[in-house]
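All chains are named by letter (A, B, ...) in the order of the sequence lines, taking the proteins before the strands, and each is independently numbered beginning at 1. Since the structure is predicted, the reported quantities are computational estimates derived from the model, not experimental observations.
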Amino acid sequence: MNEMETMDSPVITSLHQGDENEMQSENDLDSITEVEDLVTLPRIERGKERKLLDLPSEDNLNPNHLPVDIQKDDAVVFDASETVNTSEDNAHEDSGEFVVAMLARGTLEEQGVCTKRISSPLSETPLEASSHWDEDVTAESWRQHRKHVFVLSEAGKPIYSRYGSEEALSSTMGVMMALVSFIQSGDNVIRSVYSDEHTVVFMQQGPLVLVSVSSTHQSEQQLRNELLYVYNQIVSMLTQASITRIFEHKKNYDLRRLLAGSEKILDGLLNLVDFDPSFLLSAVHCLPIASSFRDSLSQILQKAITPNLVFSILIAKNQLLTIAQERMVIEDAKLDPADLHLLLNLIGASSAFQAGEIWTPICLPSFNPDCYFYAYISYLDPPECTVCLLLLSTDNEAFYAVAECKRKIEEAMQAQNALTSIAKAQSYSVSQVGVSDLRHFMYKPFDVPDNHHQLTQFTSPEMEAPYDSEEEKMRLLDLYRDVHGRIHNTARPLKLIYHVAARETLLAWVTTKFELYTCFSPLVTKSYAINAITKLLRWVKKEEDRLFIRYPPKYSTTPNASKS
Amino acid sequence: MAESTKKLKKPDVKIVLLGDMNVGKTSLLHRYTERKFKDTVSTVGGAFFLKQWGPYNISIWDTAGREQFHGLGSMYCRGAAAVILTYDTTSWQSYVELEDRFLSLTDTANADCIFAIVGNKADLTDSHAQASNPEGEGQEEAEPARLSLSSSSLQRKQVNREDAIALYGRVLHYKGLDEKACLPAESMCFETSAKTGYNVDVLFETMFDLVVPSILKKRNEGENSTVDLEAPSTGKRTKAGCCA
């Protein structure tokens with residue numbers, strides 16, 4: 001029950017599904033300038049001018065800013081800044097909120113003391129990924145992890161923990177299940193628990209319960225999305241149908257029996273989720289290359305086909321080069337960026353196999369959670385292994401036929417000397433945009449032609465100084481996550497946020513045509529930033545053929561494709 | 001290795017590695033092909049490698065031990081000339097699984113398929129396996145070390161060589177093969193360590209040598225299950241009477 005101890009003031013918000021659970025602290029209200037109508041940019045001036053420019057935003061990232069009046073020895077303490085606001089919010093149901101005091105008190109007694117934790121979210125090196133299974137779960141360091149993720153079965157059996165072994169955490173997971181079923185017995189669904197330092201988000205997916213315990217101050221929606229990625233990664237290995245079948249057959253089945261060995265795939269996913277904004281934006285990052293070169297690569301993929309081949313994907317440096325798709329399949333359902341992220345994560349995790357060819361069943365959960373595709377994975381440039389070919393077929397016997405496609409692709413690429421050109425391709429520097437004081441940005445367009453039939457993409461330059469260390473990178477991403485969470489707040493969506501922080505100024509803007517997040521040096525003025533964005537948009541427009549896959553290629557391999 | 005896959009010649013013969021998850025199938029293959037031990041991530045599905053052995057191309061399928069990839073097991077095994085059944089010497093369960101789960105997958109292998117039983121992770125149980133012998137020693141090294149428990153750093157050996165030999169007998173029985181006509185159990189049971197390299201080369205090279213006759217036989221019979229439109233030069237399809 002260690003994790004419960006971290007909740008100094010548990011407020012269990014239990015709502016019917018569908019209700020929006022939104023909490024806005026007053027700090028947040030102050031720290032943003034909202035514009036309801038974005039058509040005329042200058043109207044931004046109309047918004048509230050912020051006096052305290054830096055402090056609140058800094059606080060958002062610092063867990064120690066929390067009200068000091070929290071009594072450490074009392075389990076039932078409301079965090080004033082959150083709870084009061086919540087109850088004042090008239091969109092909120094009073095009945096849906098109550099406090100589970102006994103559980104929390106029990107935990108405190110068990111622990112003896114409840115020390116207020118002084119933790120910096122950035123104190124950890126985020127890429128410590130590997131073996132966490134032997135970590136001491138009673139140690140302070142275990143509790144200080146930024147984000148814990150747990151997966152358990154409905155029977156309370158541990159399936160996965162990001163840190164520490166599942167066995168050692170079985171009582172902790174038992175408590176989580178107790179919370180879930182306690183709320184369930186009142187015909188209700190537990191969604192989240194807020195304390196001053198931690199947000200606990202619960203998600204039930206069929207027979208699995210996923211729990212995120214984080215001190216990252218991300219929005220509940222973002223954490224929920226991340227849990228969905230974890231669930232989908234599990235589904236990609238087992239399929240939803242077989243998970244359901246297994247638990248119908250035996251309620252207390254130990255799913256780790258099937259997942260053993262894939263912990264590293266889930267660990268890798270959670271690290272990517274922390275460090276790769278693709279997950280936040282639900283969009284795919286393409287490697288910028290000349291459109292003529294991309295077209296020629298696409299043509300190579302289009303020519304190397306075999307019956308039942310559905311997707312041909314070329315990846316370099318973990319970014320998409322091009323993707324060719326079976327015509328029938330795209331007409332039915334497009335490939336979701338989320339599925340591609342799962343595939344990319346899987347490839348990254350299979351690095352031990354760089355010299356060989358892999359043939360494996362894989363489920364694309366957003367495409368069809370109950371069926372397998374068969375994936376052929378091979379690197380085209382051993383031993384460097386940066387360019388990876390991924391071919392998905394619906395025929396489980398097609399290995400040799402698909403391997404032959406790879407041979408054709410390899411030959412054609414050799415003839416064009418494509419590997420050398422790919423090796424030269426790299427992400428761009430923000431300085432190429434030619435806007436001074438612009439440090440970084442993420443741009444996700446919605447107006448790409450043929451949008452409905454293709455992947456949502458985004459473009460972003462390299463993170464350069466001052467965001468070149470892991471810590472600074474994480475800090476910038478945390479800022480992005482913060483504005484993203486606020487702009488997409490379902491209870492009160494915003495269109496524009498101008499956020500002045502201590503060390504940078506952020507401007508986020510969402511329209512029907514694009515979503516844009518920019519980061520400027522701290523001393524820019526609002527009008528300067530807006531001018532800069534206009535220039536940036538112009539630059540992206542000019543470069544879009546290079547930055548995005550504009551016309552995803554198609555092919556026909558099967559007159560009557562069966563998707564299984 | 002890298003070069004040989006690049007050319008992608010048509011494989012002449014197929015060897016499959018089978019065994020429960022985490023017994024070290026990938027590590028064994030990795031030790032052999034890359035000459036080093038790497039902590040690998042759990043294999044998904046199966047991985048295909050091509051090894052140039054003299055004039056022949058030998059394909060090796062490394063499979064995932066995890067249950068959910070079982071569906072493809074029979075595809076990996078189809079037409080295999082040799083199957084390497086791998087267990088972990090420190091895990092009795094991994095030995096039991098070979099018979100329970102994996103043996104039935106070999107139904108699709110060739111009728112004259114060769115079997116090898118391999119106990120990996122010998123470095124954990126036998127002190128003489130801890131010394132690296134990349135040069136590949138003779139068979140006398142494979143003698144089981146009876147005094148393995150004397151050293152405190154060693155784990156208890158759960159599967160002994162006798163168990164492996166007994167399993168070999170049962171495998172032949174399952175396949176309906178006559179023990180006398182097949183290769184003797186003593187030479188087909190190996191204890192290896194992918195970590196130190198102990199016996200790894202011996203294992204793979206013994207297997208390669210043993211499958212060569214089956215390549216020759218296949219060529220002589222000209223029995224090619226898949227139509228090969230491209231390579232008329234790969235073998236003189238002499239319809240001469242088959243030997244063996």
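The two atoms that bring Asn396(A) and Met75(B) nearest to each other are O-SD, 3.3 Å, heavy atoms only. Between Trp359(A) and Tyr76(B), the shortest heavy-atom contact is O-OH, 2.9 Å.
Take Asp254(A) and apply the side chain to side chain donor-acceptor pair (under 3.5 Å) test, not counting sequence neighbours, and it matches Arg256(A). Looking at residues two or more places apart in sequence or on another chain, you find no ring pair (Phe, Tyr, Trp, His ring centres under 6.0 Å) involving Tyr160(A). Contacts of Tyr231(A) classified as ring pair (Phe, Tyr, Trp, His ring centres under 6.0 Å), with partners at least two apart in sequence or in another chain: none.
For Lys157(A), the NZ atom sits in a packed shell: over 12 heavy atoms of surrounding residues, nucleotides or ligands are nearer than 6.0 Å. Other residues, nucleotides and ligands place more than 12 heavy atoms under 6.0 Å from the NZ atom of Lys317(A).
The stretch residues 236-243 of chain A places Met237(A), Leu238(A) near chain B, each with some heavy atom under 4.5 Å from a heavy atom of that chain.
Between Phe399(A) and Phe48(B), the angle of the ring planes lies from 30° to 60°, which puts this pair in the tilted group.
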